[in-house]
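Basis for what follows: all heavy atoms, side chains included, without hydrogens, waters or symmetry-related copies.
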Amino acid sequence: MPVSKRLRFEIFRRDNHTCRYCGSASPDVPLTIDHVVPVALGGNDEPSNLVTACTDCNAGKSSSNPDAPIVDDVEQNALLWSRAMERAAQIQAAQRERFQEYVDAFDDRWERWTNDDEPMPLPSDYTQSLHRFFVSGFTEAEVVNAIEVAMNASGVRNVNLFRYFCGICYRRLEERQEIARDLLEGVE
């Protein structure tokens, strides 16, 4: 997506309508907006990744050493952002992996409970509920325990077991929140 006119103006104004690479200024040269870290390499349209550049410098970026002090601050911020985005992607991948292990542990325990050799029914979107419990800090052990409680409850129809399981988890979450409130009241 192209840089908006408003953002272009703000970048030109921030840079005093001067090329950050060679120092040429408007109206002597036509100015453009340059991505310090190109979009193709993970750069974005955040102001910290944008600089004012004359058309010659932007076309080849050969008029100035990329390590020139005039763009060092912007380039440094862009590099920091690039590294942070890379790390964020690694963290998200690890979270997805942990969540998949969480779902696998749930599935393994749930499928042990059968009716006529068929696993107890689950809604098609059951992983959405599991994700809520996962991000709320419920451990695999807590989820497995809630399955055991649900499966051993008398009078719960098979089609309602997952709903009953969720009710157990939500009740435990409410208890946890109440404990947290009590802890905060003790701090005040």
Side-chain angles (χ1 to χ4, degrees), residues 1-107 124-140 142-143 169-170 173 176-177 179-181 183-188:
M1 184 163 120
V3 176
S4 72
K5 289 181 182 181
R6 173 68 183 187
L7 183 56
R8 289 171 53 84
F9 173 76
E10 292 299 329
I11 299 302
F12 287 147
R13 190 172 66 144
R14 179 197 69 196
D15 296 343
N16 295 320
H17 298 276
T18 303
C19 176
R20 295 287 295 268
Y21 295 106
C22 71
S24 298
S26 178
D28 299 336
V29 294
L31 298 174
T32 62
I33 298 297
D34 180 42
H35 289 85
V36 177
V37 176
V39 173
L41 297 177
N44 58 36
D45 291 342
E46 294 296 316
S48 62
N49 189 46
L50 300 173
V51 294
T52 301
C54 68
T55 52
D56 288 343
C57 287
N58 195 10
K61 294 186 186 166
S62 59
S63 300
S64 171
N65 179 348
D67 294 330
I70 197 161
V71 294
D72 192 41
D73 60 330
V74 174
E75 192 170 90
Q76 187 64 19
N77 286 343
L79 290 173
L80 288 171
W81 177 255
S82 178
R83 288 185 194 122
M85 287 297 289
E86 198 174 294
R87 181 67 182 125
Q90 292 169 347
I91 289 169
Q92 286 180 319
Q95 288 172 335
R96 282 191 300 274
E97 187 176 317
R98 283 194 307 273
F99 178 63
Q100 187 56 56
E101 291 169 0
Y102 192 83
V103 171
D104 292 345
F106 172 89
D107 288 344
S124 59
D125 61 349
Y126 78 100
T127 58
Q128 290 177 3
S129 295
L130 288 181
H131 192 262
R132 282 187 215 112
F133 305 139
F134 177 75
V135 298
S136 295
F138 279 66
T139 65
E140 287 178 22
E142 289 172 306
V143 168
C169 291
Y170 283 122
L173 178 57
R176 184 171 291 173
Q177 290 170 338
I179 293 169
R181 276 188 215 93
L183 289 170
L184 287 177
E185 286 176 10
V187 171
E188 295 173 1

Open item on the list: Ring of Phe138, cation from Arg176 - is the NZ or CZ under 6.0 Å from the centre and inside 45° of the axis?
Closed with: yes

Task: Pair Arg181 + Glu185, salt bridge at N-O below 4.0 Å - done: no

Open item on the list: Would you say that Phe106 contacts Glu140 through its side chain, given a criterion of any heavy-atom pair below 4.5 Å between the two side chains?
Closed with: no

Task: Side-chain heavy atoms of Val103 within contact of Tyr126, under 4.5 Å - done: yes

TODO: To the nearest 0.5 Å, tell me how far Gln95 CD sits from His131 NE2.
DONE: 7.5 Å

Task: Within-4.5 Å side-chain heavy-atom neighbours: His35 and Asp45 - done: yes

Task: Pair Glu10-Arg14, salt bridge (Lys or Arg N to Asp or Glu O under 4.0 Å): steps then yes or no - done: CA-CA 6 Å; Glu10 292 299 329; Arg14 179 197 69 196; over 6 Å; no

TODO: Please say which of Leu7, Leu31, Thr32, Thr18 ends up in a side chain to side chain contact (heavy atoms under 4.5 Å, CB included) with Phe12.
DONE: Leu31

- [ ] To the nearest 0.5 angstrom, please state how far the CD1 atom of Ile11 sits from the OG atom of Ser4.
- [x] 9.5 Å

Open item on the list: If you count heavy atoms of other groups shown closer than 6.0 angstrom to CD of Gln90, is the number above 12?
Closed with: yes

Task: Test item: Val3 and Leu50 side chains (from C-beta on) under 4.5 Å apart, heavy atoms - done: yes

Task: Within-4.5 Å side-chain heavy-atom neighbours: Cys54 and Cys22 - done: yes

Task: Check: Phe133 ring centroid to Tyr102 ring centroid under 6.0 Å - done: no

TODO: Looking only at non-hydrogen atoms, find the nearest pair between Asp15 and Thr52 and report the distance.
DONE: OD2-N, 2.8 Å

TODO: Taking the side chain as every heavy atom from C-beta outward, state whether Cys57 and Asp34 have any atom pair closer than 4.5 Å.
DONE: no

- [ ] Find the distance between CG (Asn49) and CD1 (Ile33) and round it off to the nearest 0.5 Å.
- [x] 11.5 Å

- [ ] Given side-chain hydrogen bond (donor to acceptor under 3.5 Å, both in side chains), test Tyr21 with Asp56 step by step and report yes or no.
- [x] CA-CA 10 Å; Tyr21 295 106; Asp56 288 343; over 6 Å; no

Open item on the list: What's the separation between atom CG in Leu173 and atom CD in Glu142, rounded to the nearest 0.5 Å?
Closed with: 10.0 Å

Open item on the list: Assess whether a salt bridge exists between Glu101 and Arg98, defined as any Lys/Arg side-chain N lying under 4.0 Å from an Asp/Glu carboxylate O.
Closed with: no

- [ ] State, to 0.1 Å, how close Tyr170 and Arg132 come at their nearest heavy-atom pair, and which atoms those are.
- [x] OH-NH1, 3.1 Å

